[in-house]
Amino acid sequence: AASRKRRLANLEILIQEIEKLSQSVGTFSEERIVEQAFEAARDREAKMPSSKRTLDEYGTALRSEEPFKSRYEAVFRKNA
């Protein structure tokens with residue numbers, strides 16, 4: 001349960017960082033923005049996992065799981 005809670009907390013931090021970068025959508029690729037947000041999230045949260053596998057898994061979660069999915073789409077789709 002603790003790991004699920006931590007994962008949700010990490011996803012929340014990551015989506016916040018993506019939202020902060022929303023003005024860069026259109027200038028940078030979606031992938032680059034997610035990578036940059038992940039770097040910022042790691043700077044902000046020492047316990048943030050740093051593996052490429054976790055980044056991929058978190059990216060998938062943000063695109064497919066609520067409450068993150070609609071927030072993620074709001075950032076990237078409003079500029080689509």
Side-chain angles (χ1 to χ4, degrees):
S3 66
R4 179 173 156 68
K5 214 168 159 179
R6 189 162 52 246
R7 177 178 175 270
L8 287 174
N10 286 344
L11 288 170
E12 176 60 35
I13 291 169
L14 191 53
I15 196 72
Q16 286 174 11
E17 293 301 331
I18 288 170
E19 287 167 343
K20 284 184 199 168
L21 292 167
S22 65
Q23 72 283 358
S24 301
V25 174
T27 309
F28 298 102
S29 70
E30 183 174 327
E31 188 182 356
R32 182 69 198 111
I33 288 171
V34 173
E35 280 172 13
Q36 215 169 338
F38 199 54
E39 284 167 29
R42 274 206 306 262
D43 290 343
R44 207 172 122 186
E45 175 49 71
K47 293 189 178 82
M48 181 70 65
S50 58
S51 72
K52 175 85 174 88
R53 207 186 99 223
T54 303
L55 176 57
D56 291 343
E57 194 260 312
Y58 280 11
T60 301
L62 290 178
R63 291 190 215 26
S64 59
E65 295 174 24
E66 291 297 1
F68 308 107
K69 182 177 186 258
S70 47
R71 289 167 68 188
Y72 186 93
E73 287 179 352
V75 171
F76 292 104
R77 304 302 164 243
K78 73 168 181 255
N79 299 289

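Everything numeric here is computed off the predicted structure, so don't read it as measured data.
With sequence neighbours excluded, the residues that form a side-chain contact (heavy atoms from CB on, under 4.5 Å) with S3 are R6. For Q23, there are no side-chain contact (heavy atoms from CB on, under 4.5 Å) partners two or more places apart in sequence or in a different chain. For S24, the side chain to side chain donor-acceptor pair (under 3.5 Å) criterion is met by no residue, not counting sequence neighbours. Residues satisfying the side-chain contact (heavy atoms from CB on, under 4.5 Å) criterion with I15, sequence neighbours excluded, are E12, E19, L62, F68, R71, Y72. With sequence neighbours excluded, no residue forms a side chain to side chain donor-acceptor pair (under 3.5 Å) with S64. Among residues two or more places apart in sequence or in another chain, the salt bridge (Lys or Arg N to Asp or Glu O under 4.0 Å) test is passed with E30 by R63, R77. Taking E31 as the reference, nothing meets the side chain to side chain donor-acceptor pair (under 3.5 Å) condition, with sequence neighbours excluded. Taking the salt bridge (Lys or Arg N to Asp or Glu O under 4.0 Å) definition, one finds that K52 meets it with D56, sequence neighbours left out. For P67, there are no side-chain contact (heavy atoms from CB on, under 4.5 Å) partners two or more places apart in sequence or in a different chain. With sequence neighbours left out, T27 forms a side chain to side chain donor-acceptor pair (under 3.5 Å) with no residue at all. Residues that satisfy the salt bridge (Lys or Arg N to Asp or Glu O under 4.0 Å) test with R44, not counting sequence neighbours, are E17.
Residues R7 and A61 share a closest heavy-atom pair of NH2-CB, 3.2 Å. Between P49 and T54, the shortest heavy-atom contact is CB-CG2, 3.5 Å. Nearest heavy atoms, S22 versus V75: CB-CG1, 3.8 Å.
For the atom pair CD1 (I13) and NZ (K47), the distance works out to 10.5 Å, reported to the nearest 0.5 Å. Atom CG of L55 sits about 9.5 Å away from atom CD of E39, to the nearest 0.5 Å. Interatomic distance, CD of E57 versus OG of S51, reported as 9.0 Å (0.5 Å rounding).
Between K69 and E73 there is a salt bridge, since at least one side-chain N of the basic residue sits less than 4.0 Å from a carboxylate O of the acidic one.
Inter-residue side-chain proximity for F76 and I33 is flagged as met; some heavy-atom pair is nearer than 4.5 Å. With contacts defined as side-chain heavy-atom distances shorter than 4.5 Å, the pair V34/Y58 does not qualify.
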